[in-house]
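Have a look at the structure below before the remarks.
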There are 2 protein chains.
Amino acid sequence: MRLSTRGRYGLRALFDLALNQSGGPIPLSEIARRQNISESYLEQLFASLRKAGLVKSVRGAHGGYNLGASADAIYIGQILRTLEGDIAPADCVNDRHATECSGADACVTRIIWEKIKDSIDQVIDSISLGDMVQKQNELDQKNLKNGIVNNSHTQCNI
Amino acid sequence: MRLSTRGRYGLRALFDLALNQSGGPIPLSEIARRQNISESYLEQLFASLRKAGLVKSVRGAHGGYNLGASADAIYIGQILRTLEGDIAPADCVNDRHATECSGADACVTRIIWEKIKDSIDQVIDSISLGDMVQKQNELDQKNLKNGIVNNSHTQCNI
DNA sequence: CCAATTCCTACTAAATTACTATAGATTAAC
DNA sequence: GTTAATCTATAGTAATTTAGTAGGAATTGG
């Protein structure tokens with residue numbers, strides 16, 4: 001039940017974008033370098049994110065990407081669903097893929113999948129990029145007090 | 001983030017076993033037929049389940065499988081983890097696979113994965129096979145009142 | 001003995017994942 | 001107007017994972 005790299009990289013990339021917003025657009029090469037993700041792979045992910053309105057692009061030299069909305073208005077559920085499809089443990093509870101199952105109204109196993117899905121949804125639809133940025137600031141403050149300095153927020157190999 | 005057939009079939013098979021317990025061991029061929037799952041694939045799954053103590057086997061003619069404990073004492077978390085490994089959206093929060101990540105103590109993305117994992121764990125570690133059996137009985141009662149009869153609990157193609 | 005069963009291991013085809021490659025379009029800066 | 005930096009689009013591909021199948025050995029009731 002692991003997310004694929006699409007969802008994992010995509011969230012990290014958008015979080016990076018949210019952390020490093022500066023008014024002007026951020027080129028993918030920067031995000032790729034900071035996050036240690038292949039630039040051309042990111043291009044694919046950002047194509048999907050752009051179509052979903054989660055980022056806005058500026059073409060040409062000095063172009064790049066900006067968030068498509070305020071970080072407080074972008075929930076990680078939107079990001080993950082854009083990149084991974086509906087987050088569901090089985091197709092019978094996938095709202096998009098929608099594989100109907102005969103006898104679903106008497107299927108207890110299906111109820112289990114639904115509960116799992118609902119609990120995931122509740123998490124990912126209640127946390128925004130803005131929340132993540134705020135949390136990062138808190139963590140940095142805390143670590144600063146303890147003498148730990150990490151201003152990179154990068155190099156995740158997962 | 002779909003579960004693989006190992007987890008999905010495995011849960012259905014053990015639920016089938018819990019529903020159809022009769023004292024004596026149930027051969028896999030029965031479960032395979034009722035649940036529409038390949039018998040030889042089930043053999044593989046039950047090998048893992050047996051090693052984990054979730055089922056007990058009786059070899060030879062008239063042999064088969066029984067639950068390894070009371071249905072009330074077998075939680076679906078145990079079943080899914082036996083067949084799928086730890087249920088985690090990313091390796092950095094996988095307690096078994098345990099891919100350590102440098103800077104994990106300042107990683108907000110990791111905190112997200114952890115919340116997702118925790119919410120899944122809470123669901124799967126709070127529902128037992130016994131709960132599922134009880135729920136099935138309730139559903140059958142309800143459907144009976146409405147004239148819907150479904151005594152098969154089978155043929156899921158998901 | 002024989003049939004029904006679990007047990008064990010190896011193999012394999014299909015699907016998915018995680019990219020890479022290539023070509024093109026757009027734009028800022030010089 | 002040329003160049004370099006950037007996004008856009010599509011196709012290809014190697015590695016991995018999934019979802020089984022196959023074949024046979026061991027066990028046991030009748």
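The chains referred to below are lettered A, B, ... by the order of the sequence lines, with proteins before strands, and numbering in each begins at 1.
- Residue B:S4 has its side chain nearest to D:dA19 when only D:dA19, D:dG20, C:dA18 are considered.
- A:Y65 has a side-chain polar atom (N or O) that falls below the 4.0 Å cut-off from OP1 or OP2 of D:dT8.
- Rounded to an integer number of Å, the gap from A:K56 NZ to D:dC7 P is 16 Å.
- Rounded to a whole Å, the CG atom of B:L3 is 10 Å from the P atom of D:dA19.
- Computed from coordinates, the B:E39 CD to D:dA22 C1' distance equals 13 Å when rounded to whole Å.
- The existence of a salt bridge linking B:D91 and A:R8 is excluded, since no basic side-chain nitrogen approaches an acidic carboxylate oxygen closer than 4.0 Å.
- Donor-acceptor pairing under 3.5 Å, judged by distance alone, is absent between the side chain of B:R59 and the base of D:dT27.
- The shortest distance between the side-chain N/O atoms of B:R50 and the OP1/OP2 oxygens of C:dT6 is not below 4.0 Å.
- In this structure, the nucleotide among C:dT6, C:dC19, D:dA5 sitting nearest to the side chain of A:S38 is C:dC19.
- Phosphate contact (OP1/OP2 of C:dA4, side-chain N/O of B:S29, threshold under 4.0 Å): absent.
- Taking for each of B:T5 and A:K51 the nucleotide of DNA chain D with the nearest heavy atom, the 5'-most of the two is the partner of A:K51.
- Straight-line distance from the OH atom of B:Y41 to the C1' atom of C:dC8: 17 Å, rounded to whole Å.
- Side chain of B:N143 to main chain of B:D140: no donor-acceptor pair is present (N/O by atom type, distance under 3.5 Å, no hydrogens or angles).
- B:Q44 places no side-chain N or O within donor-acceptor distance of the main-chain N or O of B:Y41, the cut-off being under 3.5 Å.
- When the C1' atom of D:dC7 is taken as reference, atom CG of A:L45 falls 14 Å away, rounded to whole Å.
- For D:dC7, its base never sits under 3.5 Å from the side chain of A:E43 at any donor and acceptor pair.
- In terms of position on DNA chain D, the residue among A:G63 and A:Q44 whose nearest nucleotide sits closer to the 5' end is A:G63.
- In this structure, A:R2 places its CZ atom 10 Å from C1' of C:dT17, rounding to the nearest Å.
- With values rounded to the nearest 0.5 angstrom, A:I76 atom CD1 is found 4.5 Å from A:I127 atom CD1.
- Note: CZ (A:F46) to P (D:dA9) measures 15 Å, nearest angstrom.
- Taking every side-chain heavy atom of A:Y9 into account, C:dC19 is the closest of C:dA18, C:dC7, C:dC19.
- Remark: C1' of C:dA15 and CZ of B:R6 are 18 Å apart, rounded to the nearest angstrom.
- At most 12 non-hydrogen atoms from other residues, nucleotides or ligands lie less than 6.0 angstrom from CD of A:Q122.
- Contact annotation: A:S57 does not reach the phosphate of D:dT6 (side-chain N/O to OP1 or OP2, under 4.0 Å).
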